Amino acid sequence: FRSHGLTEGGAEPVPFGDLHVTRDVFDGHCRLIAETCDPLSLADLQAILAGERPMPPRPVVMTFDDGYASVLELALPVLERYALPATVFVCTEPVAQARTFWFDAVARRDGEEVVREARAAAPDVWRALARTAVHDDHTPGRHRPMCTRELQRLRSEEHTSELQSR
């Protein structure tokens, strides 16, 4: 299972909304996974791949990409309720620099299709476009990168979630 973040049902649309799920849909996914699957942490999966333990019949690994604040604010309570492990892959520069993700800034300014075309092009093309993004201090609300304080909270509290950086 992979997502980028969560939204509130009926809230203002977010760039690349198809990469996010509503809290209610996520809750349903988590209930289904908890009741019918064998949730694994990345550490569990590594142990299985190393031959240290057998693969369960219905394995599921849950991940979140980028490090949106909605993972901490909306997803974590649901994960904890169902005792599900998850891994958050964090884009560290926007967190460390307190900047919006370049692709969200460009999508808001020029539209999502411009970002999709750039991502399909050579790296120097999308890097050039990324440099043109206006990186405001974190966008208010949940559709923004976690700030350093939030990331530290996610990392320091005892959660079933894991944290990895990329």
Side-chain angles (χ1 to χ4, degrees), residues 1-45 56-95 99-120 126 130 133 135-136 138-155 157-166:
F1 175 91
R2 180 190 54 92
S3 183
H4 288 256
L6 275 64
T7 61
E8 300 268 12
E12 186 175 321
V14 297
F16 305 101
D18 57 328
L19 300 177
H20 303 266
V21 296
T22 66
R23 179 180 15 204
D24 291 341
V25 167
F26 181 68
D27 189 276
H29 290 164
C30 288
R31 183 175 26 80
L32 180 69
I33 290 168
E35 292 172 358
T36 66
C37 298
D38 298 301
L40 302 173
S41 67
L42 272 190
D44 294 334
L45 181 60
R58 298 187 65 145
V60 174
V61 174
M62 299 180 72
T63 66
F64 293 91
D65 288 350
D66 301 325
Y68 282 98
S70 65
V71 174
L72 176 65
E73 296 173 12
L74 298 176
L76 185 59
V78 177
L79 292 166
E80 289 177 329
R81 183 175 9 175
Y82 293 103
L84 295 173
T87 300
V88 179
F89 293 98
V90 177
C91 295
T92 54
E93 183 178 345
V95 171
R99 300 181 342 179
T100 57
F101 294 118
W102 74 267
F103 40 86
D104 285 340
V106 171
R108 284 187 184 105
R109 184 187 69 201
D110 301 329
E112 293 177 17
E113 191 56 36
V114 171
V115 176
R116 283 190 183 95
E117 290 172 6
R119 284 181 165 173
W126 64 261
H135 296 287
D136 54 12
H138 289 310
T139 307
R142 296 180 176 108
H143 191 75
R144 60 173 174 77
M146 282 185 244
C147 66
T148 303
R149 184 185 78 260
E150 291 167 322
L151 192 58
Q152 289 168 342
R153 182 177 141 215
L154 181 65
R155 186 174 206 172
E157 291 182 12
E158 291 194 20
H159 298 298
T160 55
S161 302
E162 298 174 9
L163 179 66
Q164 295 196 357
S165 296
R166 65 174 165 156

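Just so we're clear, the structure is a prediction, and the values are computed from it rather than from any experiment. In this chain, residues are counted from 1 in sequence order.
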Problem - Side-chain donor/acceptor of Asp27 to backbone N/O of Asp24, under 3.5 Å - result: no
Exercise for the section: Give the intermediate values and the outcome of side-chain contact (heavy atoms from CB on, under 4.5 Å) for residues Tyr82 and His29. Expected result: CA-CA 10 Å; Tyr82 293 103; His29 290 164; over 6 Å; no
Problem - Interatomic distance, Ile33 atom CD1 to Phe1 atom CZ [nearest 0.5 angstrom] - result: 6.0 Å
Problem - Rounded distance (nearest 0.5 Å) linking atom CG of Asp66 with atom CG of Asp104 - result: 8.0 Å
Practice task
Determine the minimum heavy-atom distance between Thr148 and Val95, stating which atoms define it.
Solution key: OG1-O, 3.5 Å
Practice task
Tell me, please, which residues at least two apart from Arg31 pass salt bridge (Lys or Arg N to Asp or Glu O under 4.0 Å).
Solution key: none
Problem - Shortest non-hydrogen separation from Thr63 to Phe89 and the atoms involved - result: CG2-CE1, 3.7 Å
Practice task
Kindly compute the distance separating CG (Leu76) from CZ (Phe64), expressed to the nearest 0.5 Å.
Solution key: 9.0 Å
Handout entry: Nearest non-hydrogen partners of Pro94 and Thr100, listed with the distance
Key = CB-O, 4.4 Å
Handout entry: Sub-4.5 Å side-chain heavy-atom contact between Cys30 and Met62
Key = yes
Exercise for the section: Flag the pair Pro59 / Leu45 as yes when at least one side-chain heavy-atom distance between them is below 4.5 Å, and no otherwise. Expected result: no
Handout entry: Cys37 and Leu32: CA distance, side-chain angles, deciding distance, side-chain contact (heavy atoms from CB on, under 4.5 Å) verdict
Key = CA-CA 8 Å; Cys37 298; Leu32 180 69; 5.7 Å; no
Exercise for the section: Give the minimum heavy-atom separation between Met146 and Ala69, together with the two atoms involved. Expected result: CG-CA, 3.7 Å
Practice task
Carefully, step by step, assess Phe101 and Cys91 under the rule side-chain contact (heavy atoms from CB on, under 4.5 Å).
Solution key: CA-CA 9 Å; Phe101 294 118; Cys91 295; 3.8 Å; yes
Handout entry: Glu150 (side chain) donor-acceptor with Cys147 (main chain) under 3.5 angstrom
Key = yes
Exercise for the section: Hey, can you tell me if His4 and Tyr68 have their rings parallel, tilted or perpendicular (30° and 60° cut-offs)? Expected result: perpendicular
Practice task
First locate atom OG of Ser70, then atom CZ of Arg144, and finally report the distance between them rounded to the nearest 0.5 Å.
Solution key: 9.5 Å
Problem - Shortest non-hydrogen contact between Leu74 and Val78, atoms and distance - result: O-CG2, 3.6 Å
Completion exercise
Correct closest heavy-atom pair for Gly5 and Val71 would be CA-CG2, 4.3 Å
